[in-house]
Amino acid sequence: MGIWLINGKVAGKNNRLSGRHFLIEDGYIAKTLDAKGKVANPEDAKFSGHTVIDLSGKLVSPGFIDVHVHFREPGFEHKETIQTGSLSAARGGFTTVACMPNTRPVIDTVETVEYVLNKAREAGLIRVLPYACITKGELGKELTDFAALKEAGAFAFTDDGVGVQSAQMMKDAMKVAVSLDMPIVAHCEDDTMIAGAPVHEGEFAKRHGLKGIPNEAEAIHVGRDILLSEATGAHYHVCHVSTEQSVRLIRQAKKLGLRVTAEVCPHHLILSDEDIPGLDANWKMNPPLRSPRDVQAVIEALEDGTIDMIVTDHAPHSEEEKARGMQLAPFGIVGLETAFPLLYTKFVQTGRWSLQFLLDKMTHYPAQVFKLPWGSIEEGKEADLTVIDLDKEKEIQPADFLSKSRNTPFTGWSCKGWPVMTMVAGKVVWRETSFNMEKE
Ligand code: DOR
Ligand code: ZN
Ligand code: ZN
């Protein structure tokens with residue numbers, strides 16, 4: 001017995017939606033049927049013998065893929081666990097995430113990689129792919145055992161949370177990574193330029209007498225690492241691009257045909273430092289909200305393909321930690337449950353992007369760049385699907401989050417385009433309580 005998802009819509013060229021039915025069997029998409037402009041009746045004999053879910057015109061997208069989240073386990077379970085992070089992802093429409101290794105202990109051994117994989121299996125919700133560290137302890141002094149970590153199931157290598165300060169260490173890392181055909185994923189930040197700075201070096205910092213994180217602190221690493229990627233041939237992926245200067249360097253690297261890819265977060269596409277209302281640490285993240293000029297640059301870079309994909313950098317922290325104020329609170333905001341509605345409302349509803357463009361940046365491109373077998377809807381592929389109600393309008397309310405944490409600057413924002421059901425390998429892992437259209 002399979003599941004028929006009937007009366008769904010898929011995004012096509014020129015912002016057109018077309019009707020589609022899907023038969024899911026044994027976790028795979030067994031069949032897709034063009035609805036030919038007609039609404040099917042769930043009682044129709046051709047669906048009998050199967051579970052039927054009537055999607056009533058809702059959008060069906062490939063499940064979203066986010067290659068940059070922090071699930072905090074082991075060590076910081078009060079912020080998030082792999083189970084609550086997975087639920088939060090599922091509610092946001094994500095079916096695959098890659099989780100960052102800056103836990104306690106960090107993920108720098110075979111045992112810790114296996115620990116994350118086991119926790120993900122126990123949660124049994126979405127696909128959680130563990131990153132492993134570039135350097136032991138993320139201390140920048142000694143490379144981890146890349147071959148063993150790859151063998152254990154590491155997704156890629158990164159010291160996210162901090163930059164790799166030594167150029168020689170980064171070059172050595174790339175040499176090993178290229179021999180194993182694994183990507184190096186980099187949080188770009190020069191430690192000598194950021195001491196004690198909680199926000200971007202710009203208008204907001206000036207107004208509040210705070211030290212600022214300059215654009216060069218990021219771009220210097222991007223430029224350095226592009227040169228190292230050129231020298232070694234490694235696939236180099238830039239985390240959370242936030243500055244005009246980084247964009248310029250990545251654009252040039254791509255023109256030269258180097259193996260360089262990049263990601264950007266919703267908050268860096270939507271907010272600038274001039275939007276920060278006051279000394280509220282829910283607006284504090286690293287890299288920080290930059291100038292309006294940087295925001296324009298990252299939007300254009302995403303549009304022209306310089307930046308390949310959107311990621312959330314979902315970084316949960318407790319209310320107590322965030323209450324320490326702008327200077328002392330940890331960097332980071334949650335993002336999984338708000339990413340799609342925010343971007344759909346801000347860029348698709350306003351006519352700037354097609355729906356297809358946004359979906360591709362959250363599905364097709366991350367899958368292509370990281371050679372993942374998901375991110376598209378085709379017969380014969382695993383049924384990782386997200387159903388979205390494009391007309392549903394709702395305010396972002398942290399109290400609704402399935403994440404353990406509530407640290408978002410988007411409280412009270414009214415958005416359209418809310419996921420209502422998430423399916424991983426043919427199994428419904430989350431659905432909006434009001435969405436119950438199933439017939440046996
Ligand atoms: O905002 C951030 N949060 N940036 C980082 O680099 C680390 C992350 C975290 O782990 O909280
Ligand atoms: Zn980072
Ligand atoms: Zn991060």
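Values reported hereafter were calculated over all heavy atoms of this structure, with side chains retained and with hydrogens, waters and symmetry mates removed. Whatever order the structure lists ligands and atoms in, that order sets their numbers, starting from 1.
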Hey, mind stepping through Asp308 and Thr261 against side chain to side chain donor-acceptor pair (under 3.5 Å) and telling me if it holds?
-> CA-CA 6 Å; Asp308 299 84; Thr261 57; 4.7 Å; no

N/O/S atom name from His187 that is nearest to the position of the Zn ion (ligand 2) | ND1

Could you verify whether a donor N or O on one side chain and an acceptor N or O on the other, from Tyr236 and Asp225, lie under 3.5 Å apart?
-> yes

Any N/O/S atom of His240 sitting less than 2.8 Å from the Zn ion (ligand 2), backbone or side chain?
-> yes

Without swapping roles, check the side chain of Glu218 against the backbone of Ser242 for a donor-acceptor pair under 3.5 Å.
-> yes

Where does the angle between the aromatic ring planes of His68 and His240 fall among parallel (under 30°), tilted (30 to 60°) and perpendicular (over 60°)?
-> tilted

Lys394 atom NZ, over 12 foreign heavy atoms within 6.0 Å | yes

Would you say Cys239 has an N, O or S atom lying under 2.8 Å from the Zn ion (ligand 2)?
-> no

Residue Asp160 atom name (nearest to the Zn ion (ligand 3); N/O/S) = OD2

In Asp313, which N, O or S atom comes closest to the Zn ion (ligand 3)?
-> OD1

Would you call Glu73-Arg104 a salt bridge at under 4.0 Å N-O?
-> no

Is it true that Arg91 and Glu337 have a side-chain N and a carboxylate O under 4.0 angstrom from each other?
-> yes

Contact residues of ligand 1, where a non-hydrogen atom lies under 4.0 Å away | His70, Arg72, Asn102, Gly161, His187, Met285, Asn286, Ala315, His317, Phe331, Gly332

Lys9 bridged to Asp391 by N-O distance under 4.0 Å = no

